[in-house]
Amino acid sequence: MATVFVVATAALIWARRHLLLVAVVGRSMEPTLRSGDRVLARRVPLARVRPGDVVVVVAPAEMTAGRPTRPDAAGTPGLLIKRAYAVPGDPVPVDRVPLLRRGGEHVVPAGRLVVLGDNPSQSYDSRECGYIPEPDVLGVVVRPRPRAE
């Protein structure tokens, strides 16, 4: 019995360190993901993120300043689910993200990520906040779990 407990505890610890379950709130990723869907993300470093991956990132401070972003987790940072558009070393997409033109870089700098929502008219993303820093990249979505109808 003790062995089962140890194995179960080890599996739980592994899952908490490597996986993240996130609920989709809002319309920014429609039609790919809808509000109410849940996604499973694998925690990975920025170096493992590829353009086109759907990622989970910490919401920028200016978006969450002074208010909790999730009613069940007051005081914790909010999370965003977006599509990675450009990774370090890629050309800066100034045509899609004019805000990045101010930086003067020609390639996305090391430790930075450009993210966009699939539904641009409903998305807060790099067009408003610029680059996402590496510490704020939490993981890559590996499996969407549709909401129950």
Under a 4.5 Å cut-off applied to non-hydrogen side-chain atoms, are [X] and [Y] in contact?
X	Y	answer
R34	V24	no
S28	D125	no
V140	R48	no
Y85	V108	no
P60	E128	no
C129	Y124	yes
I81	L33	yes

### Message
Could you see if V56 belongs to whatever hydrophobic cluster contains L116? Use Ile, Leu, Val, Met, Phe, Trp, Tyr and a side-chain cutoff under 4.5 Å.
### Response
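Unlinked, V56 and L116 end up in two clusters.
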### Query
In the single-linkage hydrophobic clustering (I, L, V, M, F, W, Y; side-chain heavy atoms under 4.5 Å), do V141 and V22 co-cluster?
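Both belong to a single hydrophobic cluster.
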### Message
For E30, is there any backbone N or O sitting under 3.5 Å from a side-chain donor or acceptor partner on N119?
### Response
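A pair under 3.5 Å: no.
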### Worked verdict on L100 versus E105 for side chain to side chain contact (heavy atoms under 4.5 Å, CB included)
CA-CA 8 Å; L100 299 180; E105 295 106 354; over 6 Å; no
#### Entry: Matching residue for L113 among D53, D136, V87 - test: side-chain contact (heavy atoms from CB on, under 4.5 Å)
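Running side-chain contact (heavy atoms from CB on, under 4.5 Å) over D53, D136, V87 with L113 returns exactly one hit, V87.
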Minimum heavy-atom distance between [X] and [Y], given as atom pair plus value:
X	Y	value
E134	R112	N-NH1, 4.4 Å
A110	P88	CA-CB, 4.0 Å
R127	P120	NH1-CB, 3.1 Å
L99	S126	CD2-O, 3.8 Å

### Query
side-chain hydrogen bond (donor to acceptor under 3.5 Å, both in side chains) with D118: which of R83, R27, K82?
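Looking at R83, R27, K82, the match for D118 under the side-chain hydrogen bond (donor to acceptor under 3.5 Å, both in side chains) is R83.
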### CA sep, side-chain torsions, deciding dist, call: V55, V49, side chain to side chain contact (heavy atoms under 4.5 Å, CB included)
CA-CA 8 Å; V55 296; V49 176; 3.8 Å; yes
### Task
Take L80 and V115, measure what side chain to side chain contact (heavy atoms under 4.5 Å, CB included) needs, and give me the verdict at the end.
CA-CA 10 Å; L80 299 176; V115 297; over 6 Å; no
